[in-house]
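All chains are named by letter (A, B, ...) in the order of the sequence lines, taking the proteins before the strands, and each is independently numbered beginning at 1.
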Amino acid sequence: MIGVGMGAFLLVLAVAYLVGRPFLLPAADDAVAAQAREDRDRVVAQLRDLDMEFATAKLAEDEYRTQRASRIAELDAADAVIAEVELPLDELEQPLDDEPNETAPESLDAAIEERIAARRRAMSRADCPQCGDEIQAGDRFCRSCGASLGGDEVNR
Amino acid sequence: MANLGSFALLVALVASLWSVIVGVAGARGAGEDVVRSAEGALKGSALALTVAGACLFGLLLAKDFSVEYVTEYTSRSLSVFYTLGAFWAGQAGSLLLWGWMVALAGALVLRQNRDTNRELMPWVTVVVGITVAFFVVLVQFYANPFQRLDVVPTDGQGLNPLLQNYGQWIHPVTLYLGFVGLTIPFAFAISALITGRLNDRWIRLVRKWTMWSWVLLTAGILFGARWAYVELGWGGYWAWDPVENASLMPWLIATAYLHSVVVQEKRGLMRVWNVSLITMAFGLSIFGTFLTRSGIVSSVHAFGQSAMGPLLLGFTAAIVLISTALIVWQLPDLRRTGRFGAIVSRESAFLLTNVLLVGIAAVVVWGSIYPVVAQAVRGVKASVGPEFFQAIVTPIAVLLIAVVGICPLLAWRHANLKHLRRNFTAPVAVGAIAFGSTLAVSRGSHLGVAIVVGLGALALTTVVEELRRGFRARRDVHGESRVRAARNLFALTPRRYGGPLIHAGVIVLLAGIAFNIAYKQEARDTVVVGGSTKVGGYTLTLRDLTTEQSAAKFAVVGVFGIRGSDGADLGTIRAEQAMFQNDQQETEVGIRASLGADLYVAMNGFDLNKHIANVDVFVEPAILWIWVGMGIVLVGGVIAAWPRRANMQAREVLDERPRLTKEAPAERARQPEGVSS
C-alpha cells in the first residue's frame, strides 16, 4: 500500500513538473537556428531527389533548372540564418573564455537577440507576385511556382 | 498495483485534458510558456499511461486474479510469453495500449519539434491531446482493465487458444501502432488548416510518420492474414470479414495518400485531396474501431457488445465534420493556380492510382456497412459475401498493376512520347511473353491469371529498369563504385527506391493470390487409420491417430503420410485437434509448404474408438508467393521509412550533379534518356 502511495505521489510530482516547468523556467530559444538546420537538411534531401529525378529522365531540363535554382536559393537562405545565429556566437565566445568580463555576456546576449529579431522580421510573411504563395526574405525564386523574385540566377 | 494503475489513468486523463484546454489557449496566442505547459501535459499523460501500462503488465505477470481482466485472459498454466501478450487480448487492454501509444507518439513528435515548426505545434498538441483524452475516457469509464473482482478465483479462464500464436505479438501490436501513427499526420493536417500554413511543409514533416504507419499497418494486415491461414483451419487467409475490412480501409486510403503527397511535393497540386485523404485515413481507423468494438457487426474478431459504440461513432463524426468544415473554410487558399500536366504524365498516373485505391476503399466501406444499413433502413438481415468484394476489387487491382507498370516510365508534366515508346518496348515484350506462355501452359483455362501474370511481368520489368536506371545514374553522376551506388541508392534516396521494391513485392503477392484463387483445390473426407484420400494429385494416408496429454491441453493427433502424383514419398503432416482446460477447442493445422503449392490439412473431427478422422484437405497454390511478396513489401517499406541521416553534407548535391545540355554540348549524347530539350 505504501509502495502504491509512493508511486502515485512520484507520478503526480513528475507530471506537475512537466506541466509547471515552462512557467518557471522559460526554455532557451534556439528556434531560429534549429529551424534553419532542419530546413537545410530537408532542402539537401530535396536536391538529391531532384538530381535523381532528372538523371533518370523524370523531369525536363527547363523544369529541373528552375526547381534546382529555387532549392539552392532556399539552401542559401538557411545557410545565411545558420551563419548569422551560430558563427558570431562561436567567434565571440573565444575571447570570453580567455578574459572573463562581467558586462560582455549581457551585450553578447543582446546582440544575439537583436540578430534573431532581425531575422524574424526578415522572415515574416510576404507573397510571391506571380502565384501569391508565401515567400521568405532571401528567396530568389518562389518555392511554389519557381518565379524569379528579382535576385541573380544562382550558378553553383 | 491495480490501484496505482487506476490512479495513473486518472492522472493521464487530467493531464491530457490540460494539454487540450491550455493548448487551445496557447494556440490562440496566450504565450510560449502556455504552449510549452500544454506540451508538458501531453508528455505527462504519456508518462502516466506508461505507468498504467507497466501496472497492467505487472498484474498479468503476477497473475493477480483479483483483477477481472487478468482472470479473463490468463491462467496459471499460461506461459510468460502469452501472459504478457494477453495485455491486448481484450477490449480494455487493447484500448489502453492504443491510448498509451498515441500519447507516446505525441511525446515523441513534440520532442522532434521542440525547436522547430513551433507555429504548428500548439494545434498538433491539442489534436493529439484530444485523441489521448478520448481513449483514456474509454478505458476509464467503459472498459477498465484494473476493475477488481469481488470474489478472487483460484485460477483464470486462460487465453483463447486461437490467440496463442506468435502472431499475438505482431498482428495486434503493429496494427494498433499503424493506427496510432496516423494520428500524427492527421494532427499536422488539422494544424496546417487552422493556422493557414498550407504549403507542403506539414506534409514533409510527417512523411516518415506516414511511411512508418503504412509499414506497420501493412505488417499488421499481412501477419493477420498469415495467422488466419495457419491457425483458423478453413484454408484461407482473407475472408472480407468486417474487421479485416476495418484495417484495410485506412490502409487503402493511407496508400493513396502516400502517392498523392508526392504530387503535392513535386508540383504543388492536389492539396485539398491530401488533407481530405489523411482525414479519411484517420477517421476510418476510428470508424473501423467502432465496427469492431460496438458489437454491431459479427466477426471472428468479436469483442462483444459494448456501450462505447455511440462514443466511437461520435468521435468519427466529429473528425469528419470538423475536418470538412476546416477544409471548406480554407478552400480559397487550398485551391491552387498550378496546372495539371498532360493526360499522359506522371501526375496523371498518380491521380489514376489514387482514384483506383479510393475506389477500392469505397467498395470495402460500403460492403462492410451495408448489412448495418440494410438492417436499419429495410429491417432485413443482409450479408455481403466475399464474392461481392472479389468481383469488384479484382478488376481494379488488375488496373492498379497496369498503372504500376506504366507510371515509372512517365515524366512529370508531359511524357515524351517518342522515348516512352522506346522505353515501353522491353516491358511490353516481357509482359506479352509471360501472358502468352501462361495462357498456353494453362490451355486457356484461366484468362484472368494470364492477365495478372502478363501485367505483373510488365510491371516487374519496369521496376527492375527503374532500379537499374537509378543505379546507373549514381555511377554516372557521382562516379560511385557498384557497391556504393547500390547502397546509396537506398540510403540517400530511400523513398524513391524503396517504392519500387514495395511495388515488386505487391506484384508477387497479387500474382500469388491470383494463382491461389484460380487453382485452389479442396476435399473433405473421413479416413480410417491406414486408409487414404486423394486431392489434387496428392495421396494422403492416415498413418496414426494418437492422443497427447499435457498440463494445458489434451490433444488428438493425426499423422498423415503424403505421396505426390508420381508416387514419391513427400514426408508426413501432423494435424491436431486440441481441447484446453477451459473447454475451448482448437484445430492445429498441418501444412507442408512449397514454392508451387501448400498442402494444408485440418482435422475437424475424430472417433478414437473407430480410429477414424474427418479431414479438410486443401491444395493451396502459390501461398508461399504471398508471404515472399509480403517480405519484399516490408523490406521496401522499412527502407523507405528509415530515418534520414541528420546533418547530411550538402557537398555531394552541390558539386556533383547531372549534366545539363547547355553546359556541356559535347556531352549531349550522354544526356539521360527521355529528356525533352
task: Let me know if Val12(A) has heavy atoms under 4.5 Å from chain B in its side chain, its backbone, both or neither.
output: side chain
task: Measure distances from Glu53(A) to the heavy atoms of chain B and classify the residue's part below 4.5 Å as side chain, backbone, both or neither.
output: both
N/O donor-acceptor pair under 3.5 Å between [X] side chain and [Y] backbone:
X	Y	answer
Arg118(B)	Asn113(B)	yes
Arg474(B)	Phe471(B)	no
Arg475(B)	Glu480(B)	yes

statement: Comparing Glu32(B), Arg204(B), Lys43(B) against chain A, the one with the most heavy-atom pairs below 4.5 Å turns out to be Arg204(B)
- line: Highest number of heavy-atom pairs under 4.5 Å with chain A among Val51(B), Val34(B), Asn117(B) belongs to Asn117(B)
- prompt: Do Trp412(B) and Tyr64(A) have their ring centres less than 6.0 Å from each other?
  reply: no
field: Best-contacting candidate, Val15(A), Leu11(A), Leu24(A), against chain B by heavy atom pairs under 4.5 angstrom
entry: Leu11(A)
query: Is there a donor-acceptor contact under 3.5 Å linking the side chains of Gln67(A) and Arg71(A)?
result: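 Looking only at side-chain atoms, Arg71(A) and Gln67(A) do not form any donor-acceptor pair under 3.5 Å.
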Answer with side chain, backbone, both or neither: which region of [X] has an atom nearer than 4.5 Å to a non-hydrogen atom of chain A?
X	answer
Ala41(B)	both
Glu39(B)	neither
Leu198(B)	neither
Leu410(B)	backbone

query: Do other residues, nucleotides or ligands put more than 12 heavy atoms under 6.0 Å from Phe23(A) CZ?
result: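 Atom CZ in Phe23(A) is crowded, with more than 12 foreign heavy atoms closer than 6.0 Å.
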query: Quick one: do Asp49(A) and Lys266(B) make a salt bridge, cutoff under 4.0 Å?
result: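 Judged by the 4.0 Å cut-off on N to carboxylate O distance, Asp49(A) and Lys266(B) do form a salt bridge.
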